[in-house]
Amino acid sequence: MGENKRLKRFKEIWQRLSKNKLAILGLIIIIAMILIAIFADFIAPYGYDEQDLTMAFQGPGNGHLFGTDEFGRDIFSRVVYGTRISLLIGFVAVAIAVVIGVLLGAISGYYGDKVDNIIMRLMDILLSIPQILLAIAIVAALGNGLFNLMLAVGLSSIPHYARIIRASVLSIKDQEFIEAAKAAGSSDLRIIFKHIIPNCLAPIIVQATLGVALAILTAAGLSFIGLGIAPPTPEWGSMLSSGRNYIRDYSYMTMFPGLAIVVTIFALNVLGDGLRDALDPKLKK
């Protein structure tokens, strides 16, 4: 019965989501981006660090779909490999933020009182610092590198998830099925992980989808100012940073990685909006 109920619920959500054409377009784009990231080795005609100085600053065409950069590297190949790096940063950073944020928010909302005050005041302090500045501070302390960049972006996003899950827990913890679980002798951990968190998944999924977009944008911003991934590893933000020196004469060097960022962020945002509408029972017709 439980499986049938979950399957029916999934079908209802999919039906509502499928009516949102813009969200479906975003979903198709994201799936395409994921496939590009997975099969980058087969899609890219050149290695991302393959140099040919005799072909430097070649415009789009002539065997290089997006042209070449100052080192003669194929920009199309670097954008393709950059998809893998940027999506990896986005998904891993959000996973870090979700795991820690959900745990803190669930504990804060469930226990309340002093525990709630301590955790939420800490989250308020972190929220008072702009996320990009907090990420810059973490990267500056930890150093450059892919893992440190993912960790910095993830840690700076924790307060948003903690506050969202706390609000959901506060609206759920006094309901009858929670009281029944307590009466049955269930431990607090069992109640939190089996009963409360599963019923808070809808806002988490929506926020996580939008959070991936913000994480990619934040990582690109950090790489743009030199605090992200070191060259020659392709990352859209670092490609923009290296191309800005030649933007007047070779604008394509910044145009294509910039378009990759714009398209990905657009797709994630419209998909997130569509999921929010599909998961909100108040919008059910």
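Between Arg121 and Asp116 there is no salt bridge, since no side-chain nitrogen of the basic residue lies less than 4.0 Å from a carboxylate oxygen of the acidic one. Using a 4.0 Å cut-off between charged side-chain N and carboxylate O, Arg163 and Asp124 make a salt bridge.
Proximity of Leu151 to Ile138: side-chain heavy atoms (C-beta onward) are nowhere separated by under 4.5 Å. Inter-residue side-chain proximity for Ile132 and Leu222 is flagged as met; some heavy-atom pair is nearer than 4.5 Å. Residues His64 and Phe76 fail the side-chain proximity criterion, which asks for heavy atoms closer than 4.5 Å. Side chains of Phe66 and Pro257 form no contact here, defined as non-hydrogen atoms less than 4.5 Å apart.
Here the two rings, on Phe57 and Tyr246, have centers that are under 6.0 Å apart.
Taking the centre and axis of the six-membered ring of Phe224, the NZ or CZ atom of Arg244 falls inside the cone set by 45° and 6.0 Å.
Glu50 and Ser77 share no donor-acceptor pair across their side chains, judged by distance under 3.5 Å alone.
Of all non-hydrogen atoms in Leu268 and Thr209, the two that sit nearest each other are O-CG2, 3.6 Å. Minimum heavy-atom separation, Ala267 to Ile30: CB-CD1, 3.7 Å. Of all the heavy atoms in Leu240 and Thr254, the pair that sits closest is CD2-O, 3.2 Å.
When atom types are taken as modelled, the side chain of Ser108 and the backbone of Leu104 share no donor-acceptor pair closer than 3.5 angstrom. Here the side chain of Ser238 pairs a donor or acceptor atom with the backbone of Glu235 at under 3.5 angstrom.
In Asp249, the CG atom is crowded: over 12 heavy atoms of neighbouring residues, nucleotides or ligands sit closer than 6.0 Å.
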